[in-house]
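Here's the structure we're looking at; comments come further down.
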Protein chains: 2
Amino acid sequence: MEICPSNALPVRIGDKWTAWVVRLLEHGPRRFTELRKDMGRVTPKVLTETLRAMERDGMLTRTEFDEIPPRVEYELTELGHSLRALLDHTCAWTRENLPLIEAARRANDEADHARTA
Amino acid sequence: MEICPSNALPVRIGDKWTAWVVRLLEHGPRRFTELRKDMGRVTPKVLTETLRAMERDGMLTRTEFDEIPPRVEYELTELGHSLRALLDHTCAWTRENLPLIEAARRANDEADHARTA
DNA sequence: CGGGATCCATATTGATACTG
DNA sequence: CAGTATCAATATGGATCCCG
């Protein structure tokens with residue numbers, strides 16, 4: 001799945017991994033390890049922190065099943081889905097404008113380099 | 001001027017002060033000290049960093065006038081104004097949803113507290 | 001006036017190892 | 001499987017002082 005470049009710049013939803021989690025949950029509940037495997041390199045600690053923060057803010061629910069081996073599922077709430085809509089919007093903006101930003105950056109860096117040289 | 005609560009949660013545009021700068025420049029160019037005075041407590045170092053980063057990304061222009069005492073003006077570019085539009089959108093989302101987030105937070109914190117007690 | 005330079009406090013993220 | 005615990009690295013922001 002392609003995550004939009006919003007992770008690169010310049011709009012951030014929550015902390016570093018929040019947007020990613022929203023994307024991975026947008027089509028239904030997922031398990032801890034599924035999330036972990038689909039997100040670049042997240043340590044379990046950081047993923048747990050992210051999920052707990054999102055749960056606290058009402059963005060998702062955590063459901064623990066009483067089985068062995070254990071199973072826990074995370075699912076977006078309505079509020080979480082509303083956040084997804086906002087994410088879509090910022091992704092659209094980023095897709096449209098990131099090339100302009102990168103062009104400006106290249107131009108400015110080149111100018112700086114010319115002045116230094 | 002009332003800045004929207006997006007500084008609090010959960011969407012961030014650029015670094016900590018970027019959104020603030022966009023707001024302060026949306027009606028025209030401003031000078032360094034004007035910006036500084038209107039933004040809570042920013043040290044000149046951090047404000048300079050913020051402005052330089054935004055300039056590099058093509059969000060604003062920096063114009064130096066050859067006068068004594070020195071005068072420098074910062075002004076949003078078209079790209080900067082487009083960022084302002086995105087900011088408006090995220091502010092609207094936040095205004096709508098922040099109460100829900102805070103309610104969820106209170107509810108969860110209360111539940112945790114009850115479990116601890 | 002508009003910063004630059006230096007040093008410091010803290011928040012955020014990651015690495016690694018271990019467990020009910 | 002789904003985490004927790006501990007420790008370390010780093011990025012960010014701030015304090016303070018100084019200068020052309």
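Residue numbers begin at 1 in each chain, while the letters A, B, ... track the order of the sequences. All heavy atoms count here, side chains included; hydrogens, waters and symmetry mates do not.
- One interatomic measurement links the two molecules: CG of B:Leu51 to C1' of C:dG4, which rounds to 14 Å at whole-angstrom precision.
- B:Arg31 comes within contact range of the sugar-phosphate backbone alone, with a heavy-atom separation under 4.0 Å but no base atom that close.
- Counting heavy atoms from C-beta on, the side chains of A:Arg56 and A:Arg52 never come closer than 4.5 Å.
- The phosphate of D:dA15 (OP1 or OP2) has no side-chain N or O of B:Thr43 nearer than 4.0 angstrom.
- B:Glu55 places its CD atom 15 Å from the P atom of C:dG2, with the value rounded to the nearest Å.
- Put simply, CZ on B:Arg30 is 12 Å from P on C:dG2, counting in whole angstrom units.
- Looking at A:Leu86 and B:Thr94, their side chains never come closer than 4.5 Å, going by heavy atoms from C-beta outward.
- For D:dT4, one of the phosphate oxygens OP1 or OP2 lies less than 4.0 angstrom from a side-chain nitrogen or oxygen of A:Arg52.
- A:Arg62 has its side chain out of reach of A:Leu51: every pair of non-hydrogen atoms, C-beta onward, lies at least 4.5 Å apart.
- Rounded to the nearest 0.5 angstrom, A:Arg71 CZ and A:Thr33 OG1 are separated by 12.5 Å.
- The residues A:Arg23 and A:Asp88 are annotated as salt-bridged, a charged nitrogen and a carboxylate oxygen being separated by less than 4.0 angstrom.
- In the helix from C:dC1-D:dG20 to C:dG20-D:dC1, the terminal helix axes, each the rotation mapping four pairs' C1' atoms onto the next four within five end pairs, subtend 50°, rounded to 10°.
- Closest approach of A:Ser82 and B:Trp93 over heavy atoms only: OG-NE1, 2.8 Å.
- For the pair B:Asn108 (side chain) and A:Glu55 (backbone), a donor-acceptor distance under 3.5 Å is present.
- Comparing A:Arg36 and B:Val46 by the nucleotide of DNA chain D that holds the closest heavy atom to each, the one mapping nearer the 5' end is A:Arg36.
- Ring pair B:His89/A:His89 is parallel by interplanar angle, where below 30° counts as parallel and above 60° as perpendicular.
- At whole-Å resolution of the value, CG in B:Asp15 and P in D:dG14 are 10 Å apart.
- Rounding to whole angstrom units, CZ of residue B:Phe32 and P of C:dG3 are separated by 5 Å.
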Every protein N/O lying under 3.5 Å from an N/O of nucleotides 5-8 of chain C:
none

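- Side-chain contact between B:Val21 and B:Leu60: present, with at least one pair of heavy atoms (C-beta onward) separated by less than 4.5 Å.
- Atom CD of A:Glu49 and atom P of D:dT6 are 14 Å apart (whole Å).
- Of all the residues in residues 61-76 of chain A, A:Pro70 reach under 4.0 Å from DNA chain C with at least one non-hydrogen atom.
- Between B:Thr48 and the phosphate of C:dG3, there is no side-chain N or O to OP1/OP2 separation shorter than 4.0 Å.
- Salt bridge annotation for B:Arg84-B:Glu26: present, with a cationic side-chain nitrogen under 4.0 angstrom from a carboxylate oxygen.
- Atom CZ in A:Arg41 sits about 13 Å away from atom C1' in C:dT16, given to the nearest Å.
- Computed from coordinates, the A:Leu47 CG to C:dT12 P distance equals 17 Å when rounded to whole Å.
- Contact check for A:Leu35 versus A:Leu25: side-chain heavy atoms found under the 4.5 Å cut-off.
- Using a 4.0 Å cut-off between a side-chain N of Lys or Arg and a carboxylate O of Asp or Glu, B:Asp38 and B:Arg30 qualify as a salt bridge.
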